[in-house]
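Below, read A as the first sequence line, B as the second, and so on, with proteins coming before strands; counting in each chain starts at 1.
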There are 2 protein chains.
Amino acid sequence: MIYTVGEIANKLNIAPSTIRYYDKEGLIPFVERSSGGIRMFKDSDFEWLSIIECLKQTGMSIKEIKTFIDWCMQGDETISQRKALIEKQREIILEQIKQMQETLAMLDYKTWYYETAEKAGTCKIHETFSEEDIPEEFRDAYKRAKGYFIKNNI
Amino acid sequence: MIYTVGEIANKLNIAPSTIRYYDKEGLIPFVERSSGGIRMFKDSDFEWLSIIECLKQTGMSIKEIKTFIDWCMQGDETISQRKALIEKQREIILEQIKQMQETLAMLDYKTWYYETAEKAGTCKIHETFSEEDIPEEFRDAYKRAKGYFIKNNI
DNA sequence: ATACAACTTAAAGTTAACTTTAAGTCAATA
DNA sequence: TATTGACTTAAAGTTAACTTTAAGTTGTAT
């Protein structure tokens with residue numbers, strides 16, 4: 001099965017210009033052309049584009065993805081480099097998830113904060129609370145917020 | 001206690017130019033000036049900047065943060081808007097964490113994949129595996145990867 | 001009084017990852 | 001064969017969130 005850039009863009013729900021851009025940046029060096037110069041995508045190219053999408057999700061830049069693709073092109077001799085790169089990305093994602101969970105905890109606390117403020121009609125109600133008045137699940141975020149959110153009635 | 005832009009930038013570990021930029025964008029309308037025009041930060045302004053940093057962590061743009069700050073300036077009458085905004089950010093973060101956890105699962109699988117390939121000396125080893133050969137914790141990611149990563153020996 | 005580091009502004013520059021535009025070519029259909 | 005929609009390229013434009021530059025001012029220390 002052969003696809004044009006428009007067809008594959010449609011299937012992957014990305015813009016044709018994006019795929020042409022990836023091509024220009026060397027992310028899909030294996031895509032063949034017709035005698036007239038039109039890109040002819042095979043199913044395996046389609047799959048490569050899925051991989052690129054996946055790697056983007058891991059926070060890799062276009063340049064890093066190109067490095068990875070180049071290594072893939074070289075075959076089994078680059079397995080250890082690829083492994084190291086994947087492990088690096090894994091560490092990055094782990095750190096990001098940790099950071100996001102802290103942010104989520106703060107937002108959970110703030111949601112409760114505004115629910116309480118809404119009921120009372122004022123944010124000032126929170127000045128009257130001490131640690132024991134805060135629901136346990138929000139206490140850690142509360143301690144972090146105390147210094148600025150609460151002092152400033154935000 | 002009063003701080004200059006350089007002092008506060010140092011304390012928050014951000015560039016002075018960033019703080020000036022935030023000022024220009026209306027994120028810190030409450031900061032006062034000396035008769036000569038120099039910004040004079042108070043401790044509460046310092047705290048506001050901490051809040052801005054926190055909101056940025058939630059993925060809010062400068063424009064959205066400005067909206068939020070403007071609402072804060074208006075006082076208790078904007079509590080419900082602020083609550084809605086925080087709840088919206090919470091939903092966004094929740095979705096992002098979910099996405100990241102899927103990506104992490106894929107990277108965990110890929111780490112195992114390359115460890116195995118490294119031992120075997122080739123990625124082709126994975127063509128010989130069927131679902132039961134994959135460690136259980138990687139099976140979901142394996143099913144997603146099967147279509148493209150494995151077929152292409154990546 | 002003078003030096004000098006740190007402040008001020010407006011405006012231009014940076015970066016990544018695209019997107020748009022313009023001018024032209026290809027290939028399928030009437 | 002002519003039309004037409006989708007393709008091609010190079011180059012310029014876009015966006016957000018800063019950063020840098022240039023020219024000038026402030027305020028503290030000697």
Side-chain angles (χ1 to χ4, degrees), chain A residues 1-42 45-46 48-69 89 92 96 99, chain B residues 1-42 45-46 48-69 89 92 96 99:
Chain A
M1 191 60 191
I2 280 175
Y3 314 88
T4 65
V5 71
E7 284 162 350
I8 207 161
N10 219 277
K11 283 196 175 243
L12 290 169
N13 205 30
I14 51 180
S17 62
T18 304
I19 296 177
R20 294 195 190 102
Y21 166 70
Y22 288 169
D23 196 4
K24 211 179 73 180
E25 295 300 310
L27 260 51
I28 45 172
F30 35 74
V31 172
E32 288 170 38
R33 303 286 188 123
S34 75
S35 58
I38 307 261
R39 289 176 189 85
M40 300 187 308
F41 292 86
K42 308 183 290 294
D45 301 335
F46 178 85
W48 274 100
L49 277 164
S50 304
I51 292 158
I52 290 168
E53 283 298 290
C54 179
L55 295 178
K56 270 207 311 171
Q57 290 293 346
T58 75
M60 278 171 73
S61 71
I62 298 294
K63 237 179 212 170
E64 286 173 311
I65 294 174
K66 181 179 160 36
T67 301
F68 186 80
I69 298 278
Q89 287 309 116
I92 291 170
Q96 283 176 359
Q99 173 62 62
Chain B
M1 192 59 190
I2 280 176
Y3 315 89
T4 66
V5 72
E7 284 161 350
I8 207 161
N10 219 276
K11 282 198 174 237
L12 290 169
N13 204 30
I14 50 182
S17 61
T18 304
I19 296 177
R20 293 195 189 101
Y21 166 70
Y22 288 170
D23 196 4
K24 211 179 74 179
E25 295 300 309
L27 261 49
I28 46 171
F30 34 75
V31 172
E32 288 169 41
R33 305 283 190 122
S34 74
S35 57
I38 307 263
R39 289 177 189 83
M40 299 187 308
F41 292 85
K42 306 182 292 292
D45 301 333
F46 178 85
W48 275 100
L49 278 164
S50 304
I51 292 157
I52 290 168
E53 282 299 289
C54 179
L55 295 179
K56 269 208 309 172
Q57 291 290 348
T58 75
M60 280 172 72
S61 70
I62 299 293
K63 239 179 211 172
E64 286 173 312
I65 295 174
K66 181 180 159 34
T67 301
F68 186 80
I69 298 277
Q89 287 310 117
I92 290 169
Q96 283 176 358
Q99 173 62 62

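With sequence neighbours excluded, no residue forms a side-chain hydrogen bond (donor to acceptor under 3.5 Å, both in side chains) with B:Lys63.
The main-chain N or O of B:Phe46 is found under 3.5 Å from a side-chain atom of B:Ser50 such that the two form a donor-acceptor pair.
Using a 4.5 Å heavy-atom threshold, the side chains of B:Tyr22 and B:Ile65 count as separate. Contact annotation: the side chain of A:Gln89 approaches that of A:Met60 to within less than 4.5 Å [non-hydrogen atoms, C-beta and beyond]. Side-chain contact between A:Gln57 and B:Gln99 is present, with at least one heavy-atom pair separated by less than 4.5 Å. Residues A:Ile69 and A:Ile52 have side chains in contact (heavy-atom distance under 4.5 Å, counting atoms from C-beta outward). Between A:Ile8 and A:Ile19 there is a side-chain heavy-atom pair separated by less than 4.5 Å.
Between A:Arg20 and A:Asp23 there is no salt bridge, since no side-chain N of the basic residue sits under 4.0 Å from a carboxylate O of the acidic one. Look at B:Lys42 and B:Glu32 and you find a salt bridge, because one of the NZ, NE, NH1 or NH2 atoms lies within 4.0 Å of a carboxylate O, short of that distance.
Residue A:Tyr22 places at least one side-chain N or O closer than 4.0 Å to OP1 or OP2 of C:dC18. For the OP1/OP2 pair of C:dT8 and a distance below 4.0 Å, the side-chain nitrogens and oxygens of B:Arg20 include at least one atom meeting the criterion. When the side-chain nitrogen and oxygen atoms of B:Thr18 are compared with OP1 and OP2 of D:dT19, one or more of them lie within a distance under 4.0 Å.
B:Ile14 places its CD1 atom 13 Å from the C1' atom of D:dA17, with the value rounded to the nearest Å. Following rounding to the nearest Å, B:Glu7 (CD) and C:dC7 (C1') show an atom-to-atom distance of 11 Å. Here C:dT19 presents its C1' atom at 14 Å from CD1 of A:Ile19, a figure rounded to the nearest Å. Put simply, CG on B:Leu27 is 13 Å from C1' on D:dC18, counting in whole angstrom units. We find that CD of A:Glu64 is positioned 12 Å from C1' of C:dA16, with the value rounded to whole Å. Per the geometry, CD1 belonging to A:Ile8 stands 17 Å off P belonging to D:dA6, to the nearest Å. Separating the NZ atom of B:Lys66 from the C1' atom of D:dC18 is a distance of 18 Å, rounded to the nearest angstrom. In this structure, B:Tyr21 places its OH atom 16 Å from P of C:dT9, rounding to the nearest Å.
Contacts with DNA chain D (heavy atom under 4.0 Å) in residues 52-62 of chain A: none are found.
Where the helix from C:dA1-D:dT30 to C:dA30-D:dT1 starts and where it ends, the local axes point in directions that differ by 10°; five pairs per end, rounded to 10°.
Among the atoms of the strands shown, only primed sugar atoms or phosphate atoms (P, OP1, OP2) are found under 4.0 Å from some heavy atom of B:Arg39.
For residues 2-11 of chain B, every residue pair satisfying the side chain to side chain donor-acceptor pair (under 3.5 Å) rule, not counting sequence neighbours, is listed here: B:Tyr3-B:Asp43. The salt bridge (Lys or Arg N to Asp or Glu O under 4.0 Å) pairs that include a residue from residues 50-59 of chain B are B:Glu53-B:Lys56, where partners are two or more places apart or lie in different chains.
The nearest heavy atom of DNA chain D to A:Gly6 and to B:Lys24 marks one nucleotide each, and the one closer to the 5' end goes with A:Gly6. Ranked by how close their nearest DNA chain D nucleotide is to the 5' end, B:Lys63 and A:Thr4 are led by A:Thr4.
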Considering only nitrogen or oxygen atoms on both sides, find all protein atoms under 3.5 Å from nucleotides 20-30 of chain C and state each distance.
| from | atom 1 | to | atom 2 | distance (Å) |
| --- | --- | --- | --- | --- |
| C:dA27 | OP1 | A:Ser34 | OG | 3.2 |

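A:Ala15 and A:Ala9 make their closest contact through C-CB, 4.0 Å (heavy atoms, listed as atom of the first residue, atom of the second, distance).
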